[in-house]
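Structure first, commentary second.
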Amino acid sequence: MELEHGIAVVTGGSRGIGLAVATELARGGAKVALLARDGVRAMEAAGGLPGGGHLGCSCDVADTAAVGEAVRHVTGELGSPTILVNNAGITRDTILLRMKDETWDEVIDVNLKGAFNMARAVIRGMLKRRDGVILNISSVVGLVGNPGQVNYAASKAGILGLTKSLAREVAFRGIRCNAIAPGYIETEMTAALTESQTQTLLTRIPLGRLGVPDDVASLARFLAGPAARYITGQVVVVDGGMTM
Ligand code: NAI
């Protein structure tokens, strides 16, 4: 198993894409810590991952102190993380004209500052071990924009700048940092789409279906593993061809 001895932290890992990624990393042999706002849900989800010895932990990624505490807890229980997947994310959609400061701040704080908080909390350990992979879950919306999502698109575009800059900062120690930009993936986040919205979307997706969390998870496992050893600073789009 290619991720044996890996210690992975997946934020927002108790459901959706995060849970699918955590499951794939566990199948690859990694010990996984799931971080989510709801600690009980995180622990339950961790208990259901393949293999044993995984961990669930409550953490709001936007809260710098809570992130430090969670990473210390994970390090104490499993060891210093070698894989970080910044997956936690939220949407608070509305047009710019109606967007309140709080709506902007909340999305930037979770989606962008959360990734910064997590990366900063694990990077020292990775540098020391000369071993580490960081995967940031962006979105095609960060590449092409979307009306009603200026906050979300800005946070996801910000993730790309963070990814490339960090990749350049830590490459000298063999640490890799890449971003994944999913298109429309069927999760609770996209459950609000109406049937007619889904049909319209499908006309724009050459592969003819919405994505599923496993479509993202298989890529995450590849990027986290040794087969991707010469890949860093990249943005890999998983969208059925929608934005090619
Ligand atoms: P989801 O809503 O099912 O899951 C998001 C997870 O993040 C949940 O477990 C939630 O509890 C957690 N979370 C939210 N705020 C948090 C915080 N402050 N601290 C810790 N955890 C927090 O969403 P989904 O679809 O699984 O999305 C996962 C990631 O993929 C997000 O970053 C999202 O922006 C991104 N994405 C999703 C797409 C989709 O079509 N579903 C498309 C492109 C990107």
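Atoms within each ligand, like the ligands themselves, are counted from 1 in listed order. Predicted, not measured: the structure shown is a model, and the values here were computed from it.
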**Asked** Relative to atom 24 (P) of ligand 1, which among V140, V10, L210, T187 owns the nearest non-hydrogen atom?
**Response** T187
**Complete:** For Y184, the ligand 1 atoms with a heavy-atom partner under 4.0 Å come out as 40 (O)
**Message:** I'd like to know if R72 pairs up with E69 as an ion pair, taking the criterion as any Lys NZ or Arg NE/NH1/NH2 lying under 4.0 Å from an Asp or Glu carboxylate oxygen.
**Reply:** no
**Request:** Report the nearest protein non-hydrogen atom to atom 4 (O) of ligand 1: residue, atom name, distance rounded to 0.1 Å.
**Result:** R15 NE, 3.5 Å
**Prompt:** Of all the heavy atoms in P213, does at least one lie under 4.0 Å from an atom in ligand 1?
**Reply:** no
**Request:** Before accepting this row, confirm whether a basic side-chain N of the pair R221/E2 lies closer than 4.0 Å to the acidic partner's carboxylate O.
**Result:** yes
**Message:** Which residue and atom name correspond to the protein heavy atom nearest atom 42 (C) of ligand 1, and how close is it?
**Reply:** G183 O, 2.8 Å
**Complete:** Ranked by distance from atom 23 (O) of ligand 1, the top protein heavy atom is M189 CB, 3.6 Å
**Prompt:** So, do L35 and V9 sit near enough that their side-chain heavy atoms are less than 4.5 Å apart?
**Reply:** yes
**Request:** Return the option from P182, A20, G89, A45 holding the heavy atom at the smallest distance from atom 43 (C) of ligand 1.
**Result:** P182
**Request:** May I ask whether E186 has any heavy atom positioned less than 4.0 angstrom from an atom of ligand 1?
**Result:** no
**Complete:** Here the atoms of ligand 1 under 4.0 Å from any heavy atom belonging to Y152 are 33 (C), 34 (O), 35 (C), 36 (N), 43 (C), 44 (C)
**Request:** Could you grab the distance from atom CE of M126 to atom CD1 of I134, nearest 0.5 Å is fine?
**Result:** 4.5 Å
**Asked** Does even one non-hydrogen atom of A181 get within less than 4.0 Å of ligand 1?
**Response** no
**Request:** Please report which non-hydrogen protein atom sits nearest to atom 16 (C) of ligand 1, along with the residue it belongs to and the distance in Å to one decimal place.
**Result:** R37 NE, 3.4 Å
**Asked** Is there a side-chain contact between F222 and I231 (heavy atoms, below 4.5 Å)?
**Response** yes
**Message:** Taking a cutoff of less than 4.0 Å between a non-hydrogen atom of the residue and any ligand atom, is V110 in contact with ligand 1?
**Reply:** yes
**Asked** Hey, is ligand 1 close enough to I185 that some N/O pair sits below 3.5 Å?
**Response** yes
**Asked** Non-hydrogen atoms of G114 versus ligand 1: any pair closer than 4.0 Å?
**Response** no
**Request:** Below 4.0 angstrom from a heavy atom of G16, which ligand 1 atoms are there? Numbered from 1 as shown, please.
**Result:** 26 (O)
**Request:** Tell me yes or no: between the side chains of Q197 and T194, is some donor less than 3.5 Å from an acceptor?
**Result:** yes
**Prompt:** Starting from atom 9 (O) of ligand 1, which protein heavy atom do you reach first, and at what distance in Å?
**Reply:** G12 O, 3.3 Å
**Item:** Closest protein heavy atom to atom 37 (C) of ligand 1, given as residue, atom name and distance to 0.1 Å
**Value:** I17 CD1, 3.6 Å
**Identity and separation of the nearest protein heavy atom to atom 21 (N) of ligand 1** = A88 CB, 3.5 Å
**Request:** Below 4.0 angstrom from a heavy atom of D60, which ligand 1 atoms are there? Numbered from 1 as shown, please.
**Result:** 17 (C), 18 (N), 19 (N)
**Message:** Under a 3.5 Å cutoff, is there a donor and acceptor pairing between the side chains of N87 and T11?
**Reply:** no
**Request:** May I ask you to check whether T190 has an N/O atom sitting below 3.5 Å from an N/O atom of ligand 1?
**Result:** no
**Asked** Taking NZ, NE, NH1 and NH2 as the nitrogens, is one of them in R209 or D215 under 4.0 Å from a carboxylate oxygen of the other?
**Response** yes
**Prompt:** Do M242 and L207 come close enough that some side-chain heavy atom pair is under 4.5 Å?
**Reply:** no
**Request:** Would you check the N or O atoms of I90, main chain and side chain alike, for any that come under 3.5 Å of an N or O of ligand 1?
**Result:** no
**Contact atoms of ligand 1, heavy-atom distance to C59 under 4.0 Å** = 19 (N), 20 (C)
**Item:** Minimum-distance protein heavy atom relative to atom 31 (C) of ligand 1
**Value:** N87 O, 3.1 Å
**Item:** Interfacing atoms of ligand 1 (cut-off 4.0 Å, heavy-atom, S14)
**Value:** 9 (O)
